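First comes the structure, then the notes that go with it.
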Amino acid sequence: MSGWLSRRMAERGIIKEEDREIYQFGIRNGFIILLNIATAFLIGLFTEQLFVVFVFTVSFMTLRSFTGGYHCDSRLLCYIESNLVLFIPVYTGSLLVKTPVPAVLFILAAALGIILAISPMHSKNRKLDQKEKRHFGRRARITAVLQTAVLFLLWRLGYPDCTYAVYSCICITAVFMLADKVQLYIQLHMEK
C-alpha cells in the first residue's frame, strides 16, 4: 500500500522520484501507528478500560520514544507485543492496591533509576552520536520525572487505575531497557 501510494504521488508530481523511498517509509510507519492506535482503542473499548488504555498508551509512547530499549525484529511481532502490553494495566491494576506502599515505591524507584541511568539506548539499526545521546537522554529523564509527578498527582486525586497505568508504563519501559542490555551483552559475547 505504501509503495503504491508513494509511486502515485511521484507520478502526479507531488513528490520527486528520488524521494519516493523516504515517503514510502514514512507512509508505512504512519499506517503502523494508526493501526496501533486503532487496536489500542478497540482493546480499551472491549475491556471497558478505554481511559486506562489511553493513559498507558500516551505515557508509553512518549517515554519509549526517548529511552529506547528492546525492539522486535519483525513488524508483526512488534505489533502483537505492543498490543499485548496494553493488557498489563487493564488486568493487573488491582495489584497496585494490594501491594504494600513501600514495595510499590521501591519498584518505582528501581525502574526510575534504570531509566535515568541508561537512557537513551542505541538501537540495533542506529547508533546515537554524543549530541543525540545528550538530547534524547535529557528528554528521557525529563519525561520520566514528569510521568512520576503525574503518577503521584493521579494517586493523590484518587485515580488508582490511571495511576497504575503510568506506573506500569515506567516499569515496563525499564524492563525493556534491561532486556535490550542483556540481549546486547549476549550478542557481544557470542561474537567473540
Side-chain angles (χ1 to χ4, degrees), residues 33 36-37 40 43-44 47 49-72 78 81-188:
I33 289 169
N36 278 318
I37 290 171
I43 289 171
T47 61
Q49 296 286 326
L50 189 58
F51 197 63
V52 170
V53 170
F54 172 77
V55 169
F56 178 83
T57 301
V58 169
S59 299
F60 195 65
M61 285 174 63
T62 55
L63 188 56
R64 277 278 283 172
S65 65
F66 297 119
T67 61
Y70 175 77
H71 287 280
C72 298
C78 180
E81 286 183 5
S82 295
N83 289 292
L84 285 176
V85 165
L86 294 174
F87 289 102
I88 292 172
V90 169
Y91 288 115
T92 63
S94 62
L95 290 175
L96 184 67
V97 178
K98 294 176 184 175
T99 307
V101 173
V104 169
L105 292 175
F106 176 78
I107 293 168
L108 178 64
L112 276 171
I114 291 165
I115 292 169
L116 297 176
I118 62 177
S119 287
M121 296 186 68
H122 296 288
S123 138
K124 284 185 268 185
N125 302 327
R126 185 168 183 271
K127 299 284 185 203
L128 300 172
D129 63 30
Q130 286 303 320
K131 185 178 176 185
E132 290 170 324
K133 281 189 78 142
R134 277 193 308 276
H135 171 76
F136 287 114
R138 187 174 341 125
R139 293 282 174 106
R141 290 185 257 299
I142 289 169
T143 303
V145 168
L146 287 175
Q147 285 189 4
T148 304
V150 168
L151 180 151
F152 284 114
L153 179 65
L154 289 168
W155 181 258
R156 185 79 175 121
L157 293 174
Y159 296 104
D161 291 343
C162 292
T163 302
Y164 186 71
V166 178
Y167 178 83
S168 58
C169 159
I170 293 168
C171 293
I172 291 167
T173 300
V175 167
F176 281 173
M177 293 177 79
L178 287 177
D180 195 44
K181 279 285 188 195
V182 168
Q183 183 181 25
L184 290 172
Y185 179 82
I186 290 169
Q187 284 176 346
L188 266 169

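From a predicted model like this one, the values you see are computed outputs, not experimental measurements. Values below: all heavy atoms of this structure, side chains included; hydrogens, waters and symmetry mates excluded.
One distance of note links CG of L146 with CG of L153; it measures 12.0 Å at 0.5 Å rounding. Going from atom OG1 of T47 over to atom CD1 of I43 covers 7.5 Å, rounded to the nearest 0.5 Å. Taken to the nearest 0.5 Å, the OG1 atom of T67 stands 11.5 Å off from the CD1 atom of I114. The distance from the CD1 atom of I118 to the CE atom of M177 is 4.0 Å, given to the nearest 0.5 Å. Taking CD1 of I115 as the start and CG of L178 as the end, the distance is 9.5 Å to the nearest 0.5 Å. Rounding to the nearest 0.5 Å gives a distance of 4.0 Å between CD1 of I170 and OG1 of T148.
Screening residues 149-159 for side chain to side chain donor-acceptor pair (under 3.5 Å), with sequence neighbours left out, gives no hits.
In this structure I37 satisfies the side-chain contact (heavy atoms from CB on, under 4.5 Å) test together with I33, sequence neighbours excluded. Scored by the side-chain hydrogen bond (donor to acceptor under 3.5 Å, both in side chains) test, N36 finds N83 as partners (sequence neighbours excluded). Considering only residues two or more places apart in sequence or on other chains, T62 meets the side-chain contact (heavy atoms from CB on, under 4.5 Å) condition with T143, Q147.
Judged by distance alone, the side chain of R139 and the main-chain N or O of P120 form no donor-acceptor pair under 3.5 Å. Side chain of S119 to backbone of L116: no donor-acceptor contact under 3.5 angstrom is found.
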List the atom pairs, with distances to 0.1 Å, where a side-chain N or O of residues 87-113 and a protein N or O form a donor-acceptor pair under 3.5 Å, not counting sequence neighbours.
from	atom 1	to	atom 2	distance (Å)
T92	OG1	I88	O	2.4
T92	OG1	Y164	OH	2.8
T99	OG1	L95	O	2.5

I'd like a table of donor-acceptor pairs (distance under 3.5 Å, sequence neighbours excluded) in which one partner is a side-chain atom from residues 50-60, with atom names and distances.
from	atom 1	to	atom 2	distance (Å)
T57	OG1	V53	O	2.7
S59	OG	V55	O	2.8

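You'll find the side chain of H135 stays beyond 4.5 Å of the side chain of E132, heavy atoms only.
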- [ ] Show your working on side-chain contact (heavy atoms from CB on, under 4.5 Å) between K131 and R134 and close with a plain yes or no.
- [x] CA-CA 5 Å; K131 185 178 176 185; R134 277 193 308 276; 4.1 Å; yes

